[in-house]
Amino acid sequence: MNMTNRIKVAPYPENGYFYRFWDLGTSRGSKVGFCGILHPMQVTLAHVGSRAAKKDAFEALAADYLGRCSAFARCGAESFRTEEALIEWLGRQQGRSLAIPVFFDSRGRQMTSEAFAEWLGSRRDQGAQHMVFAIGPADGWSGAARERALRQGALLSLGAFTLPHALARLVVAEQVYRAFTILSGHPYHCGH
């Protein structure tokens with residue numbers, strides 16, 4: 001019998017780190033044991049600008065996608081009034097490794113959803129602990145911030161269009177969710 005049809009993996013709801021395994025070959029789905037500790041990647045969706053209104057439809061949709069991402073990674077959102085405040089916050093993030101800044105800018109690299117998923121998966125597999133996807137200030141990232149992103153993380157682009165911050169956050173949240181579903185083989189992404 002194929003074991004992939006018999007084993008179900010589910011996180012302990014208490015902390016999201018430990019995973020339980022069940023044998024689905026029985027009618028009751030008996031617990032077969034603990035396999036190990038999996039430390040999921042942390043994803044933060046950040047932006048520089050004013051805080052979004054709680055009743056903003058784009059913000060509600062972005063929060064929904066971040067909620068969906070929680071099946072694959074710990075997710076959160078942060079808002080900063082200035083670029084300097086975001087850079088300072090990045091420096092205070094502690095863990096096994098530094099938080100990896102991924103800044104979105106029209107001069108950044110464009111990727112397909114599949115290429116983005118492959119890129120995110122390779123960062124995860126290399127041990128990236130915290131990825132910070134950030135939408136810059138209205139007048140764009142400073143040269144120093146772009147250099148930092150290129151040196152420590154990545155400078156990506158959503159395309160040549162200029163998008164409102166709320167819409168850009170929604171697109172990034174959806175693409176992060178799509179990347180995780182591509183990596184896990186979830187049917188959300190059909191490839192077109």
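Along the sequence shown, residues carry numbers from 1.
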From [X] [atom1] over to [Y] [atom2], what is the distance, rounded to the nearest 0.5 angstrom?
X: I182; Y: H189; atom1: CD1; atom2: NE2; value: 4.0 Å
X: L98; Y: L90; atom1: CG; atom2: CG; value: 9.5 Å
X: S106; Y: L155; atom1: OG; atom2: CG; value: 8.5 Å
X: H186; Y: F180; atom1: NE2; atom2: CZ; value: 13.5 Å
X: L45; Y: R169; atom1: CG; atom2: CZ; value: 7.0 Å
X: E174; Y: C69; atom1: CD; atom2: SG; value: 9.0 Å

Aromatic ring pairing [X]/[Y], orientation class (parallel under 30°, perpendicular over 60°, tilted between):
X: F133; Y: F116; answer: perpendicular
X: Y177; Y: F72; answer: tilted
X: W89; Y: H130; answer: perpendicular

Can you name the nearest heavy-atom pair linking [X] to [Y], along with the distance?
X: R148; Y: G91; answer: NH2-N, 4.2 Å
X: I135; Y: H165; answer: CG2-CD2, 3.6 Å
X: V48; Y: E83; answer: CG1-N, 3.6 Å
X: R68; Y: Y188; answer: NH1-CE1, 4.0 Å

Query raised in the report: For R124 and L183, what are the C-alpha separation, side-chain angles and deciding distance, and is it a side-chain contact (heavy atoms from CB on, under 4.5 Å)?
Result: CA-CA 11 Å; R124 178 199 62 198; L183 291 170; 3.7 Å; yes
Query raised in the report: If you draw a 6.0 Å radius around CD in Q42, do more than 12 non-hydrogen atoms from other residues or ligands fall strictly inside?
Result: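 Atom CD in Q42 is packed in, count exceeds 12.
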Query raised in the report: Going through the distances and angles, do F104 and V171 end up as a side-chain contact (heavy atoms from CB on, under 4.5 Å)?
Result: CA-CA 11 Å; F104 286 90; V171 170; over 6 Å; no
